[in-house]
Participant: 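The structure under discussion is supplied below as structure tokens; questions concerning it will follow.
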Amino acid sequence: MAKESRIAIYGAIGANVAIAAVKFIAAAVTGSSAMLSEGVHSLVDTADGLLLLLGKHRSARPPDAEHPFGHGKELYFWTLIVAIMIFAAGGGVSIYEGILHILHPRPIDDPTWNYVVLGAAAVFEGTSLAISIHEFKKKDGQGYLAAMRSSKDPTTFTIVLEDSAALAGLAIAFLGVWLGHRLANPYFDGAASIGIGLVLAAVAVFLARQSHGLLVGESADRELLAAIRALAAAEPGVSAVGRPMTMHFGPHDVLVVLRIAFDPALTASGVAETIERIEARIRSERPDVKHIYVEARSIRQRGREATLAAPV
């Protein structure tokens with residue numbers, strides 16, 4: 001389990017457990033719909049953190065007869081489950097609660113406890129977000145949204161998204177409680193609950209799209225593809241290198257298939273030795289590449305190819 005992912009997840013779980021408890025207490029005391037939605041939100045985030053830990057644990061299992069490439073994609077599966085939970089249990093329940101509150105409004109007599117809890121929650125969530133952003137690794141010059149889209153490790157950016165959504169939800173809940181009490185209009189409280197649900201639904205859709213791409217066999221990023229191709233092309237005896245075909249079995253577990261045309265003067269043993277050197281060089285400079293398969297082609301005459309399939 002990557003250290004940065006583990007720290008971010010543990011930090012988020014600890015914050016959400018404490019926050020969920022005080023939010024539910026405040027909701028019970030004040031009758032605020034937005035506060036109840038926030039409690040559900042924190043409870044769902046806690047469960048999501050536990051599911052991400054489960055995914056990290058199961059994805060680390062070694063290969064076996066039924067899973068020769070390992071269990072790395074378990075991480076992407078459990079991230080998809082997290083997205084479904086955020087959408088249904090978080091977004092769906094919050095929107096439903098908001099609609100109920102609008103249909104059957106209940107004015108807030110004293111919002112003091114709501115403000116206290118929202119302020120404390122903002123401190124906890126802000127701390128958790130700061131930790132998750134610090135642990136989230138992105139390339140220089142790359143924005144956070146672009147980094148999340150290109151990342152192959154959904155655990156850390158999932159926590160970043162959840163904490164960001166939590167802070168947005170707190171701001172919406174504050175506005176709903178404040179406007180509802182200030183204007184003596186309880187409908188603002190219900191509308192805030194619906195707004196929180198919509199924020200959660202948007203986060204869930206983004207996570208589901210990212211998990212879907214990784215589950216169905218998303219390629220490695222362009223930088224890694226270019227690096228692999230350059231390493232293979234730099235080897236003496238290599239005439240041409242096709243576009244590498246890649247797939248992620250995990251954040252740091254990449255399969256590469258290379259089609260390489262070799263100098264026709266090379267013998268079969270020369271081709272095999274060159275392939276071994278290419279493999280060693282790629283593994284040395286790109287340790288995330290765990291599986292390499294090479295289809296070697298030697299072009300002797302126009303339209304004629306002698307093909308040697310050599311897995312390495």
Side-chain angles (χ1 to χ4, degrees), residues 12 15-51 80-126 128-129 145 158-209:
N16 286 319
V17 168
I19 294 169
V22 294
K23 283 178 179 177
F24 281 125
I25 293 173
V29 172
T30 64
S32 170
S33 175
M35 189 58 64
L36 180 60
S37 295
E38 275 297 299
V40 172
H41 182 176
S42 296
L43 194 62
V44 170
D45 284 351
T46 302
D48 291 344
L50 294 173
L51 287 177
L80 180 61
I81 298 301
V82 165
I84 294 172
M85 279 193 61
I86 293 175
F87 188 87
V93 171
S94 296
I95 292 173
Y96 176 73
E97 171 61 26
I99 293 173
L100 285 182
H101 195 81
I102 290 175
L103 294 176
H104 307 285
R106 177 185 171 185
I108 300 174
D109 297 325
D110 184 2
T112 303
W113 274 106
N114 286 332
Y115 296 145
V116 171
V117 170
L118 288 171
V123 172
F124 282 116
E125 294 288 7
S128 178
L129 178 61
L145 186 58
T158 296
I159 299 300
V160 172
L161 282 173
E162 285 185 344
D163 290 340
S164 300
L167 285 175
L170 290 172
I172 294 171
F174 172 80
L175 286 175
V177 172
W178 184 77
L179 289 173
H181 183 257
R182 179 90 175 182
L183 303 176
N185 187 343
Y187 293 110
F188 281 106
D189 193 31
S193 183
I194 294 174
I196 293 169
L198 292 176
V199 169
L200 292 174
V203 169
V205 170
F206 180 86
L207 284 178
R209 289 188 62 182

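Counting from 1, the numbers follow the sequence of the chain as shown.
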Participant: Give me the atom names and distance for the closest heavy-atom approach of V199 to A165.
Facilitator: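 Residues V199 and A165, closest heavy atoms: CG1-CB, 3.9 Å.
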Participant: Can you name the side chain to side chain contact (heavy atoms under 4.5 Å, CB included) partners of L43, sequence neighbours left out?
Facilitator: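 Partners of L43 by the side chain to side chain contact (heavy atoms under 4.5 Å, CB included) criterion, ordered by chain and then number, come out as F24.
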Participant: Taking atom CG of D48 and atom CG of N16, what is their separation to the nearest 0.5 Å?
Facilitator: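 So the CG of D48 and the CG of N16 are separated by 8.5 Å.
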Participant: Side chain to side chain contact (heavy atoms under 4.5 Å, CB included) with L103: which residues, sequence neighbours excluded?
Facilitator: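 Once residues adjacent in sequence are excluded, the partners of L103 under the side chain to side chain contact (heavy atoms under 4.5 Å, CB included) criterion are I99.
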Participant: Look up atom CG in L170 and atom CG in L175, then write down how far apart they are to the nearest 0.5 Å.
Facilitator: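 Result: 11.0 Å between the selected atoms.
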Participant: Could you check whether any side-chain N or O of S128 sits under 3.5 Å from a backbone N or O of F124, counting only pairs where one atom can act as donor and the other as acceptor?
Facilitator: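 No, S128 side chain to F124 backbone: no donor-acceptor pair under 3.5 Å.
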Participant: Specify the closest pair of heavy atoms between A83 and L207, including all atoms of both residues, with the distance to one decimal.
Facilitator: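 Scanning both residues, the minimum pair turns out to be CB-CB, 3.8 Å.
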Participant: Could you grab the distance from atom CG of L167 to atom CD1 of I172, nearest 0.5 Å is fine?
Facilitator: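 Answer for the CG-CD1 pair, L167 versus I172, is 11.0 Å.
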Participant: Which pairs pass side chain to side chain donor-acceptor pair (under 3.5 Å) with one or both residues in residues 169-184, sequence neighbours excluded?
Facilitator: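 Those involving residues 169-184 do not exist here.
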Participant: Nearest 0.5 Å please: distance from the OG1 atom of T46 over to the CG atom of L51.
Facilitator: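 These two atoms lie 11.0 Å from each other.
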Participant: So do V117 and I19 actually touch side chain to side chain, heavy atoms under 4.5 Å?
Facilitator: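 Not in contact.
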Participant: Of all the heavy-atom pairs spanning A192 and A173, show the shortest one and how long it is.
Facilitator: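 The pair with the smallest heavy-atom distance is CB-CA, 4.4 Å.
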Participant: Give every residue pair that meets the salt bridge (charged side-chain N to carboxylate O under 4.0 Å, His left out) criterion with at least one member in residues 19-31, sequence neighbours excluded.
Facilitator: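 As it turns out, the salt bridge (charged side-chain N to carboxylate O under 4.0 Å, His left out) pairs with a partner in residues 19-31, which skip direct neighbours, are K23-E38.
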Participant: How long is the straight-line distance from CG of L129 back to CG of L161, given to the nearest 0.5 Å?
Facilitator: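 Taking CG in L161 and CG in L129, the distance rounds to 10.0 Å.
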Participant: Please set out all donor-acceptor pairs under 3.5 angstrom arising from side-chain atoms of residues 84-98, sequence neighbours excluded.
Facilitator:
unit_1 : atom_1 : unit_2 : atom_2 : d
S94    : OG     : G90    : O      : 2.8
E97    : OE2    : S33    : OG     : 3.4

Participant: Looking at residues at least two apart in the chain, or sitting in another chain, which of them share a side chain to side chain contact (heavy atoms under 4.5 Å, CB included) with L179?
Facilitator: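 So L179 forms a side chain to side chain contact (heavy atoms under 4.5 Å, CB included) with L183, F188.
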Participant: Can you name the residues that form a side-chain hydrogen bond (donor to acceptor under 3.5 Å, both in side chains) with N114, not counting sequence neighbours?
Facilitator: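 Once residues adjacent in sequence are excluded, the partners of N114 under the side-chain hydrogen bond (donor to acceptor under 3.5 Å, both in side chains) criterion are T30.
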Participant: Taking only residues two or more places apart in sequence, or in another chain, which ones meet A191 in a side chain to side chain contact (heavy atoms under 4.5 Å, CB included)?
Facilitator: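 With neighbours one apart ignored, the set is empty.
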Participant: How would you list, by chain and number, every residue that makes a side-chain hydrogen bond (donor to acceptor under 3.5 Å, both in side chains) with S193, sequence neighbours excluded?
Facilitator: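 S193 satisfies side-chain hydrogen bond (donor to acceptor under 3.5 Å, both in side chains) with S37 once adjacent residues are dropped.
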Participant: Closest heavy-atom contact between P111 and V177?
Facilitator: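 Distance-wise, the nearest heavy atoms are CB-CG1, 3.7 Å.
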Participant: Quick one: ring pair (Phe, Tyr, Trp, His ring centres under 6.0 Å) partners of Y187, sequence neighbours excluded?
Facilitator: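 So Y187 forms no ring pair (Phe, Tyr, Trp, His ring centres under 6.0 Å) with any residue.
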Participant: Looking only at non-hydrogen atoms, find the nearest pair between H101 and G190 and report the distance.
Facilitator: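 Scanning both residues, the minimum pair turns out to be CD2-N, 3.6 Å.
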